[in-house]
Structures are given as structure tokens and as C-alpha cells.
Amino acid sequence: MFIYYAAMTFAVLFLLSAAAEVLSVLLKGPSWKALWTTTGSLMLALISFGVGIAFY
């Protein structure tokens, strides 16, 4: 159960990181760095969510 909570915590943190990048794009305009950072954060959130579900 510990792995579930840890993975879900990481998933939420990665989603918050992606949201911060989206906010940055809205304020400063798009860039390749923001695109890769957002994509990476969403992929890590998806992986963390999958790990959490697997260990539920």
C-alpha cells in the first residue's frame, strides 16, 4: 500500500509540474523547452499512475 501512495503522490507532483509549464506557456509564449518539459511531466505522471494502480 505504501508504493501505491508514493506513486500517486509522484503522479500528482508531476501533474502540478505540467500545469506550471502550461501556465508558463500562457504567460510567456510557447517554446521547445516547455513542450518537452510538459510532455515529460505528463509521461512520468502516467507511469507513476500505472505503477500505483499495479500495486493497489
Side-chain angles (χ1 to χ4, degrees):
M1 201 65 169
F2 172 76
I3 294 174
Y4 168 76
Y5 286 117
M8 289 303 171
T9 301
F10 278 115
V12 168
L13 290 176
F14 288 131
L15 286 175
L16 289 174
S17 173
E21 281 297 324
V22 168
L23 185 63
S24 170
V25 166
L26 291 175
L27 294 176
K28 292 190 272 183
S31 69
W32 284 108
K33 178 193 172 289
L35 174 68
W36 285 111
T37 305
T38 304
T39 304
S41 293
L42 290 174
M43 289 299 294
L44 287 171
L46 183 64
I47 292 168
S48 297
F49 185 72
V51 169
I53 293 299
F55 282 95
Y56 182 68

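Side chains are part of it too, since the values below use all heavy atoms of this structure and drop only hydrogens, waters and symmetry mates.
Residues Leu23 make up the rest of the hydrophobic cluster containing Leu27, defined by ILVMFWY side-chain heavy atoms closer than 4.5 Å, directly or through other members. Members clustered with Phe49: Met1, Tyr4, Tyr5, Met8, Ile53, Tyr56, by chain and number, using a 4.5 Å side-chain heavy-atom cutoff among hydrophobic residues.
Between Leu35 and Thr39, the closest heavy-atom pair is O-OG1, 2.7 Å.
Within the 3.5 Å criterion, the main-chain N or O of Leu13 finds no donor-acceptor partner in the side chain of Ser17.
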- Determine, step by step, whether Leu46 and Leu42 satisfy the side-chain contact (heavy atoms from CB on, under 4.5 Å) criterion, reporting the C-alpha distance in whole Å, the side-chain angles of both residues, the deciding distance to 0.1 Å, and the verdict. CA-CA 6 Å; Leu46 183 64; Leu42 290 174; over 6 Å; no

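Considering only residues two or more places apart in sequence or on other chains, Ser48 meets the side-chain hydrogen bond (donor to acceptor under 3.5 Å, both in side chains) condition with none of them.
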